[in-house]
Amino acid sequence: MRVMKFGGTSVGNPQRIREVALLITDPEPKIVVLSAMTGTTNDLVRYSEYLYKKDSGNAKLFIEKLRSNYYRVVDELFTSEEYKEIGITLIDSHFDHLNDFNQDLFTQFEEKAVLAQGELISTALMYYHLKETGRECVLLPALNFMRIDKDQEPDNYYIRENINRELSLYPDCNLFITQGFICRNAYGEIDNLKRGGSDYSASIIGAAVESDEIQIWTDIDGFHNNDPRFVKHTQRIDHLSFGEAAELAYFGAKILHPTSVRPAQDKNIPVRLKNTMDPDSPGTLITDQASGSGLKAVAAKDGITSIRVQSDRMLLAFGFLRKVFEIFESHRTSIDMIATSEVSVSMTIDQTDKLQEIRSDLESYGTVEVIENQTIICVVGDMIAESRGMAVQVLEALKEIPVRMISYGSSNNNISVLISSEHKVEALNSLSDHLFRDL
Ligand code: ADP
Ligand code: ASP
Ligand code: MG
């Protein structure tokens, strides 16, 4: 079994949907995981914002415009009157449902149900396109098997049991289509795996069915050594280890959802990143093997807040750090980077909904300083302890930029630095110039 995930741009218009259909023709059994068509999830977020603001008038105008766009997709995608009609009925059923949401009863639960429509529509369009072109396939509803637990973690046992049961209902089928991103939570409500979560769905599904390979098809030819949105002349990387890819994804490489490597890594399933627009390009292979040495890639994660606790009395006292960490734990907030000195400890977080509570709890241990709008720059590579000069190369590249924190040595494949977000683009470019100029 192979899992193939196609992102929003890959199914972003009728022509792309047809092209994806041609990439899944071989007889090898496969589960195809689709995102919503590009822009749709953003549009549904916007629709939800109108409802939150109790602006039903604009909400309605907005959703009707989106409905007309989808009518056009249906008209271009399907060729026969029969399937055009099926397409219109499909679009109407989703948009009538969207229209039913009421501004007076709109909470985050309703919003999740609104956001789910994007993937439900794209998968149904692909399913009917395959049917119209005479292909046998089954549309597997992700809401029947994809579930997160009370801690928002995938409920792997439930997922494995249920997806395998669903698959076993169709022993002769070798092409399954399902939705990325969407799931149910521990209470059975519609939920999701956070923005960009279709990659995570593919990896979770791949692990649940023990697939031979998980392929992530997107709009670029693989993992690049820097963020192509901010740096020109980035280069594709042929091979990354799970550890390297996980660090880069977690620290901001948008090509992969932050936690999407873990399920594949747990089951040692290779992940291949491929370009839908250039299917013959080899892409990037991610496996348990490290290959090559030295610094390989850079990523940046924005929206970071740093918190420094300064205390001349207790910092080195036994148990002090444990107490500090317990405060973060009690507010279910994870720490990304940490640096300590004799009299202070600095930590970074990317989730700030409990910042006030954390701050006031920490104040009983010392003076607390909070700085927002920070960025973690993460440099990844194979840097065994003996390798010399790597940290120097990174700091040399950043010598014009004020660095607030450095983390080095916690793993063999990561150097991270914290800088103010205003310096991010300069830092990424300077790192590319210094580290990869000979490539
Ligand atoms: P999809 O909709 O297929 O999930 P995404 O937009 O989520 O696609 O991810 C692909 C995009 O990630 C690329 O178009 C690119 O701009 C961006 N990106 C950021 N960092 C990297 C990187 N290191 N390598 C490749 N792409 C990256
Ligand atoms: N459609 C969702 C999003 O835009 C999930 C995804 O594309 O991976 O975030
Ligand atoms: Mg994505």
Side-chain angles (χ1 to χ4, degrees), residues 4-13 16 19-20 23 32-46 48 111-112 114-123 142 146 178-183 191-205 214-238 240 244-261 271 273-278 281 283-284 286 295-302 377-381 424-425 428 431-432 435-436:
M4 298 171 80
K5 175 258 169 174
F6 293 89
T9 329
S10 303
V11 291
N13 61 43
R16 294 261 158 82
E19 281 161 16
V20 168
L23 291 171
V32 174
V33 179
L34 299 184
S35 293
M37 292 176 77
T38 187
T40 296
T41 311
N42 287 344
D43 286 341
L44 295 172
V45 168
R46 193 150 161 218
S48 303
E111 181 180 9
K112 302 250 172 85
V114 165
L115 298 194
Q117 303 309 310
E119 272 70 11
L120 291 168
I121 295 173
S122 65
T123 47
M146 195 56 100
T178 193
Q179 299 84 24
F181 179 57
I182 65 174
C183 61
D191 211 316
N192 62 58
L193 302 175
K194 310 230 165 69
R195 296 304 306 272
S198 298
D199 305 325
Y200 198 20
S201 302
S203 184
I204 295 167
I205 291 172
I214 297 162
Q215 298 183 347
I216 308 287
W217 289 76
T218 181
D219 57 3
I220 189 165
D221 59 349
F223 223 116
H224 279 221
N225 58 6
N226 207 328
D227 193 324
R229 293 169 300 172
F230 305 110
V231 177
K232 283 191 197 130
H233 311 303
T234 57
Q235 266 120 4
R236 181 179 60 80
I237 305 168
D238 293 332
L240 285 169
E244 291 165 343
E247 298 267 18
L248 287 164
Y250 185 74
F251 286 110
K254 185 178 179 246
I255 187 165
L256 282 178
H257 174 278
T259 49
S260 58
V261 177
V271 176
L273 306 182
K274 296 277 288 175
N275 187 353
T276 317
M277 281 42 117
D278 184 11
S281 158
T284 298
I286 303 169
L295 301 174
K296 281 195 188 160
V298 180
K301 182 171 171 175
D302 294 324
I377 303 279
C378 167
V379 183
V380 154
K424 173 177 95 169
V425 176
L428 290 177
L431 282 163
S432 262
L435 306 180
F436 310 129

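Counting starts at 1 for both ligands and their atoms, in listed order.
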message = Using a 3.5 Å distance criterion without hydrogens, assess whether the side chain of E119 forms a donor-acceptor pair with backbone atoms of S35.
response = no
note = T41 heavy atoms within 4.0 Å reach ligand 2 at atoms 1 (N), 2 (C), 3 (C), 4 (O)
request  = Measure the distance from atom 15 (C) of ligand 1 to every protein heavy atom, then report the residue, atom name and distance (to 0.1 Å) of the closest one.
outcome  = P228 CG, 3.9 Å
query = In Å and rounded to the nearest 0.5 Å, what is the CG to CG distance from D43 to L115?
reply = 11.0 Å
ask   = Under a heavy-atom criterion of less than 4.0 Å, does G196 contact ligand 2?
value = yes
request  = Under 4.0 Å from a heavy atom of I220: give me the atoms of ligand 1 that qualify, with their elements.
outcome  = 13 (C), 25 (C), 26 (N)
task = To the nearest 0.5 Å, tell me how far L256 CG sits from S203 OG.
result = 9.0 Å
inquiry  = Please list, in number order, the atoms of ligand 1 under 4.0 Å from a heavy atom of G7.
reply    = 1 (P), 2 (O), 3 (O)
task = Please round to the nearest 0.5 Å and tell me the distance separating atom CG of L435 and atom NZ of K296.
result = 14.0 Å
task = For atom 16 (O) of ligand 1, grab the closest protein heavy atom and report residue, atom and distance to one decimal in Å.
result = R229 CG, 3.4 Å
ask   = For atom 4 (O) of ligand 1, what's the nearest protein heavy atom and its distance?
value = K5 NZ, 3.0 Å
inquiry  = Counting C-beta onward and ignoring hydrogens, is there a side-chain heavy-atom pair between V20 and M4 closer than 4.5 Å?
reply    = no
Derivation of the side chain to side chain contact (heavy atoms under 4.5 Å, CB included) call for Q117 and L120 = CA-CA 5 Å; Q117 303 309 310; L120 291 168; 4.0 Å; yes
query = Purely on distance, is any nitrogen or oxygen of K194 under 3.5 Å from one on ligand 2?
reply = no
request  = Specify the closest pair of heavy atoms between G222 and I255, including all atoms of both residues, with the distance to one decimal.
outcome  = O-CD1, 3.4 Å
task = Mind checking the CD-CZ spacing from Q215 to F6? Nearest 0.5 Å is all I need.
result = 7.5 Å
query = For atom 2 (O) of ligand 1, what's the nearest protein heavy atom and its distance?
reply = G8 N, 3.2 Å
inquiry  = Checking the N or O distance criterion of under 3.5 Å, is ligand 2 in contact with S198?
reply    = yes
query = Which protein heavy atom lies closest to atom 24 (N) of ligand 1, and at what distance to 0.1 Å?
reply = H224 N, 2.8 Å
Ligand 2 contacted by G180 (non-hydrogen, < 4.0 Å) = no
message = Measuring from atom 3 (O) of ligand 1, which candidate in I255, T218, N226, T9 has the nearest non-hydrogen atom?
response = T218
ask   = Which heavy atom of the protein is the closest neighbour of atom 5 (P) of ligand 1, given with residue, atom name and distance?
value = K254 NZ, 3.6 Å
ask   = Passes salt bridge (Lys or Arg N to Asp or Glu O under 4.0 Å), D227 versus K254? Steps please.
value = CA-CA 8 Å; D227 193 324; K254 185 178 179 246; over 6 Å; no
inquiry  = For the CD1 atom of I182 and the CE atom of M146, what is their distance to the nearest 0.5 Å?
reply    = 9.5 Å
request  = Check ligand 1 against D227 and write out every atom of the ligand that is under 4.0 Å from a heavy-atom position of the residue.
outcome  = 19 (C), 20 (N)
inquiry  = Starting from atom 14 (O) of ligand 1, what is the nearest protein heavy atom, named by residue and atom, and what distance separates them?
reply    = D219 OD1, 2.8 Å
note = If you scan protein heavy atoms around atom 4 (O) of ligand 2, the nearest is R195 NH2, 3.0 Å
message = Set out, in order, the CA-CA distance, both residues' side-chain angles and the distance that settles side chain to side chain contact (heavy atoms under 4.5 Å, CB included) for T178 and T123, then state yes or no.
response = CA-CA 6 Å; T178 193; T123 47; 5.8 Å; no
ask   = Got T41 and R195 here, is their nearest side-chain heavy-atom distance under 4.5 Å?
value = yes
inquiry  = If we only consider heavy atoms of E119, is any one of them less than 4.0 Å away from an atom in ligand 2?
reply    = yes
note = Here the atoms of ligand 1 under 4.0 Å from any heavy atom belonging to G222 are 24 (N), 25 (C)
ask   = N275 and S281: side-chain donor and acceptor closer than 3.5 Å?
value = no
key: Geometric N/O contact S35 with ligand 2, under 3.5 angstrom   = yes
ask   = Would one find an N or O of F181, backbone or side chain, under 3.5 Å from an N or O of ligand 2?
value = no
